[in-house]
There are 2 protein chains.
Amino acid sequence: MSTHPHLLRRAITASDRVLYEIQSAIVEGSIPAGSKISEPELARRFDVSRAPLREALARLERCHLIERTPNAGARVVTLSPEGLIALYQLREELEGLACRLAAEQMPEHEVQELAALLDQHLSSQRVREGESYYQEAGDLDFHYRVILGSKNPYLINMLCDELYYLVRMYRVQMGMNGPRVSRAFDEHKAILTAIANRDGELADLLMRRHISASRRNIEQQLQAEKD
Amino acid sequence: MSTHPHLLRRAITASDRVLYEIQSAIVEGSIPAGSKISEPELARRFDVSRAPLREALARLERCHLIERTPNAGARVVTLSPEGLIALYQLREELEGLACRLAAEQMPEHEVQELAALLDQHLSSQRVREGESYYQEAGDLDFHYRVILGSKNPYLINMLCDELYYLVRMYRVQMGMNGPRVSRAFDEHKAILTAIANRDGELADLLMRRHISASRRNIEQQLQAEKD
DNA sequence: AAGGCGTAATATGTCGACAATCTTGGTGTT
DNA sequence: AACACCAAGATTGTCGACATATTACGCCTT
């Protein structure tokens, strides 16, 4: 599977493969947040030379999963409440825009596919009540499609390539769960309705609220962790 | 000079230098838009090995100045009206947010420095009436400071590192000039006032309008070019 | 014992060469 | 003449090794 689901990449290079593996490892915490990255070690571990590894590191920096300083090496990013807030401030704005554009630009058949996706979520959600991961994946899927619907390549690149891995990292490592999943589903449905009605302004507003609610949810989680 | 004015980079590596040179060459058109990038040629031309060159290319892709396809090489981006609109849609949203955050977050002394910068622009503008480049540099400087004032690292990274070189490329290659400079100055002043009054909502609105006006200006330029 | 200094060890940046892939030009077929 | 196919050339991806910068450790000084 490609790391850029919206792009058809012709070739899968070694650097792509190692990027995908390290990316997953960081997001899921098997390479711990804040830890130092050693190029020789990772090169041995994933059985590649340092050349494709460094290419992968450059892309990891691009999506904010690691931070590099010249001649000094790279560290996995450390998660923090401030970072989360800064990230979600951006998401709110960007996805609001994406949602508005999607309401204006999305071709009819994509709107119908989005509706079908939500129906599918509904049934699978009923089956797996409380199992959070699936809903999370579904949530991301919904957001992905809306973003792609905006037809703005820069916006798509920023959200899907540069920000979403970090969003997933916060979600996974903070352990998203609980009663928010069903409410999130309702919010998705309302957003879809606005898009289907070509009401960009409302779609924008609803998406902002949806993300804002999601942020508050994680903040609570993060607060609860302190106690 | 560093390519990331807001970051103090400890070391200037060869890849940094060649990045800066190619970046300038692309923005100013001495490497033409749409042309193919040849790694061996550029390596000879800038007297480096392909390793730091490829690192530089990766960063050029990051700021949307080139487009790479695996095993097929890289091309300089081609400018288009659609691309311009997509870019400015994003700028409007992101800089609006930056401006609102700056109104809330900017420390008092930075606000005063920003005011001093505008005074400086006023005098230099009177002297060099009609000379557009300086005003453009000044315009970028103003926007840079507002963005930095937002204190949101992701936002700063996106605007200053990933979007602004492309914005400059459009401006330079479309040949910005004319009567808009003085109006832009007034708009800057109004934005500053809103920031100084800590009126984030107004600052946001004014910045959006400012950028929207700038976009229309370039679009006109682009339209005029057709005739 | 604490702190600065110099050296060794390690990591990163860069290089030149090889392997795999794509592109180009030519050839042959229909 | 147009198209498909094949081979040669060139380009990109990858590798291992060297140069340079940083880090870690032990030693000396106070």
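- Of the listed nucleotides (D:dG13, C:dA11, D:dT14), D:dT14 has the atom at the smallest distance from the side chain of A:A14.
- With respect to B:E110 and B:K151, a salt bridge is recorded, a charged nitrogen being found less than 4.0 Å from a carboxylate O.
- Counting heavy atoms from C-beta outward, A:V146 and A:L192 have side chains that stay 4.5 Å or more apart.
- In this structure, A:D16 atom CG and C:dT21 atom C1' are separated by 14 Å, rounded to whole Å.
- One atom, CD of A:E55, and another, P of C:dT12, lie 17 Å apart when rounded to the nearest Å.
- Rounded to an integer number of Å, the gap from B:R68 CZ to C:dT21 P is 18 Å.
- B:I37 comes within 4.0 angstrom of the backbone, heavy atoms only, and of no base.
- At a threshold of 4.0 Å, the pair A:E93-A:R208 counts as salt-bridged, since one of the basic side-chain nitrogens sits closer than that to a carboxylate oxygen.
- Comparing the axis of the opening five pairs of the helix from C:dA1-D:dT30 to C:dT30-D:dA1 with that of the closing five pairs yields an angle of 10°, rounded to 10°.
- The interatomic distance linking B:N71 (CG) with D:dT14 (C1') rounds to 11 Å, in whole Å.
- Non-hydrogen atoms lying under 4.0 Å from DNA chain C are contributed by nothing in residues 39-46 of chain B.
- Applying the 4.0 Å criterion to OP1 and OP2 of D:dT12, one finds that B:K36 has a side-chain N or O inside that range.
- Here the P atom of nucleotide D:dT20 and the CD1 atom of B:I12 are 18 Å apart, to the nearest Å.
- Residue-level contact check: A:L57 touches neither bases nor backbone, having no heavy atom under 4.0 Å from any strand.
- Note on A:E92 versus A:R216: no salt bridge recorded, every NZ/NE/NH1/NH2 to OD/OE distance being 4.0 Å or above.
- Of the charged side-chain nitrogens involved, at least one lies within less than 4.0 Å of a carboxylate oxygen, so that A:D16 and A:R59 count as a salt-bridged pair.
- Counting to the nearest Å, the C1' atom of C:dT12 and the CD atom of A:E61 are 14 Å from each other.
- Across every non-hydrogen atom of A:A11 and B:N71, the tightest pair is CB-ND2, 3.4 Å.
- Under 4.0 angstrom from either OP1 or OP2 of C:dT14 there lies at least one side-chain N or O belonging to B:T13.
- Using a 4.5 Å heavy-atom threshold, the side chains of A:H143 and A:L159 count as separate.
- Side-chain polar atoms of A:Y164 and A:R91 form a donor-acceptor pair below 3.5 angstrom.
- Here the side chains of B:H210 and B:E95 are not in contact, with every heavy-atom distance at 4.5 Å or above.
- Checking the phosphate oxygens (OP1, OP2) of D:dT12, no side-chain nitrogen or oxygen of B:R50 falls inside 4.0 Å.
- When the P atom of D:dT22 is taken as reference, atom CZ of A:R75 falls 16 Å away, rounded to whole Å.
- Spacing between atom CZ of B:R17 and atom P of C:dG13 amounts to 16 Å, rounded to whole angstrom units.
- At a threshold of 4.5 Å between non-hydrogen side-chain atoms, the residues A:V48 and A:L42 do not count as touching.
- B:A51 comes within 4.0 angstrom of a base, heavy atoms only.
- Judged by closest nucleotide on DNA chain D, B:G73 is the one of B:G73 and A:S49 placed further toward the 5' end.
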